[in-house]
Novice: 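Handing you a structure now.
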Amino acid sequence: MSHTESILEGLNEKQREAVTLDSGAALVISGPGSGKTRALTHRIAYLIASSVRPSDILAVTFTNKAAGEIKERVSHLLRSAGLAVKGLPTMGTFHAIGLRVLRVHGQEIGIGKNFSILDSADQQALIKRVVADNGADIQRFKPGPTLGKIAKLKTELVLPDAFVPKGGYEEMLARLYRDYQSRLSAMNVVDFGDLISLPVHLFRNRPDILRGYQERWQHILVDEYQDTSHDQYTLVNLLAKGRGNLFCIGDDAQSIYQFRQADIRNILNFQRDWPDAKIILLEQNYRSTKTILAAAQAVIAHNTGQFPKDLWTENPDGDAVVVTEAFNERTEARDIVRRLEELKGDRYALSDCAILYRTHAQSRAMEEALVQAGMPYRIVGGLRFYERREVKDILAYLRLMQNPTDLVSFERVANVPKRGIGPATVSTIVSLGGDLIEATRRAGSGGTPRSQAKLQSLADLLRGLREARTDKSVRGMIAHIVARTGYREYLKTMKDTMENAEERLENVRELLTVARKYDDAGPDGLQRFLEEVALVQDADTLAGTERAATLMTMHAAKGLEYPVVFIIGMEEGLFPHSRTTYAPQEMEEERRLCYVAVTRAKEHLYVSYAKWRNIYGSRHAGLPSRFLDEMPDALLARRVPDEEAAFEDDTITYE
DNA sequence: ATGATTTTACTTTTT
DNA sequence: GTAAAATCAT
């Protein structure tokens, strides 16, 4: 058997067609459970088997997890096809690719080589300062939304100078944007948006540099194309305009990140951009029962302007979708726990079950019921590892070592652990600008003897840490920081419980484990470590292999599948969420989210709603979600559990 | 500068 | 209802 034959083995006709396409542009619309990753990985392996050099290939994904999985599967495919190739294609997230370009060409756009990356919380802190310092009304320019508007301008590739404000609000926004951006460069940092938009601007201004990348990446493949934003789209198109070999795969019906600037038009208008593009539809579903698939399709049919597709499956009909009306969120949760108990006795493990909800806040009632029943569970999302306070503190120290002008990091650690340096003093130091360690030292030569001493000791501490950078590994530096700052003692004195301090220390140890990878990296170790933690936010070791049910938002569930899926809180106002009910576009996105949630289920799907629900402390009557009405009755089995069980330990359920 | 108290706000979030 | 942020005493 030839190499290519081996790679094509086991693919269905459509998959094979996608994998073996000739050069040129192609769009593969891949329904849920239709083998999207399979098509993508086999395509890459096929190209290599057809003697394309691996280094000529660029594959772009949205998550590190996806990039890792593709890498893994491609090398496995190549190995089992008996192909010995040296090197693998360039595979990574949009942001990782952008970062690579910036590291090489930082000089050309004046950000140098040693910039660091601001994460979302840091951006938040910075924008607050900018809003305050410009005398903007905090009510009209709340940090989150303001940052959102700036991010949007960046994805639209509008630079501060090119932004033409209309009206007073935008006048101020323009000022804030300009100021925000100039502070970024003053600190020598970039935000996430810059990782994509700066390379695009670079390529537009420097065709010579673009040319080099076009030559280098002759085959470009993009995963989850429906989620690309305008700048990502432009980046891909600029690169692909070289050889014209562009392979995009995705599903317009699963576009659920428009609130994060994903632009569904990128996939819908693919043919306009690439008139000769081949379009292939993967419509066979290997995941769900006929019933589940039919329910999902019935819902999504209420949207307009999707790629027409007709999903089908050879899987059995399966059971009806069970629709449960609960009295309130607690009875809803208890009902699910009872159901989990039954399933557990049957042929399912808890790890086969996922409980999906629209908002994180909904997890609590569910958790309480699970804890009460002594049933193990794990929650995906919520507070992530790199967002934890202790981790951020240590990282801020490290970033300050790498980049002494990073004032966001400086502000974070200046008084952590508490050393009597308040906001007033910090802003004095910051206003001196430049190297903040140096600025601290200079600020320490004035003022009262008392504050002098404090500042000098902070300056000494930071200087000592920075010197440690030259002869210590990242791991050594973290240990050094913890030791020299008295961080351990600080954690213990915090008004937290003891176990909490222990848990926080455990997180610091976990950070050491991550850092170990860079032990042998030499002088670049720190920079590379900081890049990894900036770009890999979900470092939560997916140690969820134990027998536990999984709880997560519907967004977090995208790309996953479970034999048994529960969707809770199917009520108007919650899902679709009240904030989205009026704009048709957002309504359609909610519906796609429902489609995504439903199609996670392989064998059994349970959906539920509550007649009464506590939201922010007050009680609200709930109506079943319109999405339930959109599922044909023939596919549903409705039930209303006996409410007596609900009341027995629930005496204060009255008005 | 810091600890206590009140006010406020609150969808989703691959990087 | 909660948790973070703003405000108020010390």
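Side-chain atoms are counted along with the backbone in the values below, which use heavy atoms only and exclude waters and symmetry mates. All chains are named by letter (A, B, ...) in the order of the sequence lines, taking the proteins before the strands, and each is independently numbered beginning at 1.
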Novice: Report all interatomic pairs (protein N or O, nucleotide N or O of nucleotides 8-10 of chain C) with separations under 3.5 Å.
Specialist:
none

Novice: Any pair with a residue in residues 411-428 of chain A that passes salt bridge (Lys or Arg N to Asp or Glu O under 4.0 Å), sequence neighbours left out, goes on the list, sorted by first then second residue, please.
Specialist: A/R129-A/E411, A/D393-A/R412
Novice: With sugar-phosphate meaning primed atoms plus P, OP1 and OP2, does A/T61 contact a base, only sugar-phosphate, or nothing at under 4.0 Å between heavy atoms?
Specialist: nothing
Novice: Quick one: A/L458 CG to B/dA1 P, roughly how many Å, whole number?
Specialist: 13 Å
Novice: Going by heavy atoms in the side chains, are A/Y357 and A/S363 under 4.5 Å from each other?
Specialist: yes
Novice: To the nearest Å, give me how far apart OH (A/Y386) and P (B/dT14) are.
Specialist: 14 Å
Novice: Just how far, in rounded Å, is P of B/dT13 from NZ of A/K65?
Specialist: 14 Å
Novice: Could you go over nucleotides 9-12 of chain B and give all protein N or O partners under 3.5 Å, atom names and distances?
Specialist:
residue, atom, partner, partner atom, Å
B/dT11, OP1, A/R579, NH1, 2.4
B/dT11, OP2, A/Y616, OH, 2.7
B/dT11, O4', A/H577, NE2, 3.4
B/dT12, OP1, A/H360, N, 2.9
B/dT12, O4', A/R358, NH2, 3.1
B/dT12, O2, A/R358, NH2, 2.6

Novice: Which nucleotide in the list B/dT14, C/dG1, C/dA5 gets nearest to the side chain of A/D227?
Specialist: B/dT14
Novice: Please state whether the rings of A/Y233 and A/Y225 are parallel, tilted or perpendicular, taking 30° and 60° as the class boundaries.
Specialist: tilted
Novice: Between A/T63 and A/R419, who's closer to the 5' end of DNA chain B by nearest nucleotide?
Specialist: A/R419
Novice: Checking contacts here: which listed nucleotide (C/dA5, B/dG3, B/dT15) is nearest the side-chain heavy atoms of A/K128?
Specialist: C/dA5
Novice: Looking only at side-chain N and O atoms, does A/T425 come under 4.0 Å of OP1 or OP2 in B/dA1?
Specialist: yes
Novice: Taking only side-chain nitrogens and oxygens of A/N614, does any of them come within less than 4.0 Å of OP1 or OP2 of C/dG1?
Specialist: no
Novice: Hey, could you give me each pair passing salt bridge (Lys or Arg N to Asp or Glu O under 4.0 Å) that has a residue in residues 92-104 of chain A? Not counting sequence neighbours.
Specialist: A/R103-A/E531
Novice: Rounding to an integer number of Å, can you tell me how far A/E368 CD sits from C/dG1 C1'?
Specialist: 11 Å
Novice: Please work out the stems of DNA chain B from pairs that are Watson-Crick or G-U wobble with both distances under 3.5 Å, keeping only runs of three or more consecutive pairs.
Specialist: B:1-10 with C:1-10
Novice: How close or far is atom C1' of B/dT14 from atom CG of A/L99, stated in whole angstroms?
Specialist: 17 Å
Novice: Touch check for A/A424, heavy atoms < 4.0 angstrom, all strands: base, sugar-phosphate only, or nothing?
Specialist: sugar-phosphate
Novice: So what does A/I421 hit on the nucleic acid, given a heavy-atom distance under 4.0 Å: a base, only sugar-phosphate, or nothing?
Specialist: sugar-phosphate
Novice: Please report, rounded to the nearest Å, how far the P atom of C/dG1 is from the CD atom of A/E329.
Specialist: 11 Å
Novice: Below 4.0 angstrom, N of the basic side chain to O of the carboxylate: do A/E69 and A/R73 qualify?
Specialist: yes
Novice: Could you check how far CZ of A/R389 sits from P of C/dA5, rounded to whole Å?
Specialist: 11 Å
Novice: Quick one: do A/E329 and A/R364 make a salt bridge, cutoff under 4.0 Å?
Specialist: no
Novice: Any side-chain heavy-atom pair from A/V533 and A/D119 closer than 4.5 angstrom?
Specialist: no
Novice: For A/Q261 and A/K154, does a side-chain donor sit closer than 3.5 Å to a side-chain acceptor?
Specialist: no
Novice: Do A/F575 and A/Q362 come close enough that some side-chain heavy atom pair is under 4.5 Å?
Specialist: no
Novice: Taking CD1 from A/I97 and C1' from B/dT15, how many angstroms apart are they, rounded to a whole number?
Specialist: 13 Å
Novice: Quick one: are the ring centres of A/Y257 and A/H555 less than 6.0 Å apart?
Specialist: yes
Novice: Who pairs with A/D223 by side chain to side chain donor-acceptor pair (under 3.5 Å), at least two apart in sequence or on another chain?
Specialist: A/K36
Novice: Check whether A/N415 reaches the backbone of A/I421 with its side chain - one donor and one acceptor, N or O, closer than 3.5 Å.
Specialist: yes
